[in-house]
Amino acid sequence: METVLLSDSIRQLEAAAQLIKDGEVVGIPTETVYGLGADASNEAAVRKIFAAKGRPADNPLIVHLADFSDAVSYTKNIPALAYKLAEKFCPGPFTMILPKNERIPYVTSGGLETVGIRIPSHPVMHRIIELSGCPIAAPSANISGYPSPTSAQHVMDDMMGKIAAVVDGGQSEFGVESTVAAIENENTVRILRPGCVTAEQLREICENVIIDKAILNDIGSDEKVPSPGMKYKHYSPKADIVLVESSFDDFVRYVGANDGEKVYSLIFDGDAERFPYKFLAYGDNDLAQAHNVFQKLRELDEIGAEKVYVRAPSSEGVGLAVYNRLIRAAGFEVIRI
Ligand code: TXA
Ligand code: MG
């Protein structure tokens, strides 16, 4: 199949929306990462998403809507807390797990009785949802297990020949996927995946905010997890990633003792002038690091890195999302000095 690269002109967005109505899969920009979008209510179209990504059938897809008021059409028994959260965080990088109704097929929900609902703020994505008139199921547009795409080029790199089109909506603003939250009762939410809506922000609306233990810990494959995505290897480039938690000086010594031809480090921008080995830098604060992290993991593959030592980010605020992606990219291999 030929994969067409579309611009964000209204004509081309109409073409993208028509492809989605016709049951095709289209790479679409959002403010978090690029997604692989298809009509969430069309089982055959949703199966094409799973096939293009090589994604396990039990890993559910998030459904994207133009406005939270549309959620009543695809879910049931929406708790009052969901409306409060939506008022504050929708549209934006935030996904709520709600009980699904019969309009969301089990293919989309990975066999679950719930569905993740997200209202993206990216104007191009918003337009595509409106023009298609469909609820749009969209996982991140990477090959399963690989770092998520934050540009149309990344999507072309992974999906060329496998999907109908990719819409270029520029570089993704946040760079990591949405915060996924399950509502446990009227004053408790559980964060299943951290993102740019932080635990601290959620606490302003909701009394109890639980950070699920799978966010920072390796969960045994036979343990029951609240989100199927937690079981799978994630975000890994070809290079072997090792997360190093240490001071800058200890980091330099550690890399020095383990340096080699295809060894690289991923460090903070402020370290760059004093760092004597091969490196890429991924930012100096949590938002910059979120914006850059997947892009840099992909670049490390392009330059032929085989082993990468990563200076661990802070795990506060948006840092928790960056830390979560990196510890998973590292397969939970962490060196603490
Ligand atoms: O920012 C994002 O959320 C991007 C953009 C494209 O919107 N989408 C995205 O989708 O990251 P995906 O499929 O790559 O990740 C969705 C995660 C998976 O880990 C999945 O297991 C979890 O959310 N998830 C989806 N529906 C769920 C449900 N009903 N219950 C529990 N976890 C769910
Ligand atoms: Mg993903």
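All ligand and atom numbering here is 1-based and tracks the order in the structure. Count residues from 1 along the sequence.
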Is there a donor-acceptor contact under 3.5 Å linking the side chains of [X] and [Y]?
| X | Y | answer |
| --- | --- | --- |
| Ser247 | Asp249 | no |
| Gln12 | Asp8 | no |
| Gln295 | Glu299 | yes |

For ligand 1, is [X] a contact, meaning one of its heavy atoms is under 4.0 Å away?
| X | answer |
| --- | --- |
| Lys100 | no |
| Pro226 | yes |
| Ser109 | no |

Among protein heavy atoms, which lies nearest [atom], and at what distance?
| atom | value |
| --- | --- |
| atom 32 (N) of ligand 1 | Ser227 OG, 2.8 Å |
| atom 23 (O) of ligand 1 | Val180 CG2, 4.0 Å |
| atom 19 (O) of ligand 1 | Gly229 CA, 3.3 Å |
| atom 7 (O) of ligand 1 | His64 NE2, 2.6 Å |
| atom 24 (N) of ligand 1 | Pro60 CG, 3.7 Å |
| atom 9 (C) of ligand 1 | Ser140 N, 3.6 Å |
| atom 28 (C) of ligand 1 | Ile97 CD1, 3.5 Å |
| atom 13 (O) of ligand 1 | Arg55 NH2, 2.8 Å |

Think [X] forms a cation-pi with [Y], using NZ or CZ under 6.0 Å from the six-ring centre and within 45 degrees of its axis?
| X | Y | result |
| --- | --- | --- |
| Arg274 | Phe248 | yes |
| Lys278 | Tyr264 | yes |
| Arg328 | Tyr235 | no |

Using a 4.0 Å cutoff against the non-hydrogen atoms of [X], which atoms of ligand 1 qualify?
| X | value |
| --- | --- |
| Gly35 | 6 (C) |
| Arg193 | 2 (C), 3 (O), 9 (C), 11 (O), 15 (O), 16 (C), 17 (C) |
| Ser178 | 1 (O), 2 (C), 3 (O) |
| Ala138 | 6 (C), 8 (N), 10 (O) |
| Leu112 | 28 (C), 29 (N), 30 (N) |
| Thr114 | 28 (C), 29 (N), 30 (N) |

Evaluate whether atom CZ of Arg55 has more than 12 neighbouring non-hydrogen atoms of other residues, nucleotides or ligands under 6.0 angstrom away. yes
Heavy-atom count check: over 12 atoms from other residues, nucleotides or ligands less than 6.0 Å from Gln171 CD? yes
Is there any N or O on [X] that sits under 3.5 Å from an N or O of ligand 1?
| X | value |
| --- | --- |
| Asn59 | yes |
| Lys53 | no |
| Thr32 | yes |
| Glu177 | no |
| Thr30 | no |

So which heavy atom on Val25 is nearest to which on Lys48, and how close? CG2-CB, 3.5 Å
Taking Glu177 first and then Arg325, would you say they form a salt bridge - that is, a charged N and a carboxylate O separated by under 4.0 Å? yes
Arg298/Glu302 salt bridge by N-O under 4.0 Å criterion: no
Whether Phe94 and Phe89 hold their rings parallel, tilted or perpendicular, with breakpoints at 30° and 60°: tilted
According to side chain to side chain contact (heavy atoms under 4.5 Å, CB included), who are the partners of Val263, at least two apart in sequence or on a separate chain? Asp259, Lys307, Tyr309
The test is ring pair (Phe, Tyr, Trp, His ring centres under 6.0 Å); show your working for Tyr277 and Phe275 and say whether it passes. CA-CA 6 Å; Tyr277 307 105; Phe275 192 69; 5.7 Å; yes
The Mg ion (ligand 2) to nearest N/O/S of Ser140 less than 2.8 Å: yes
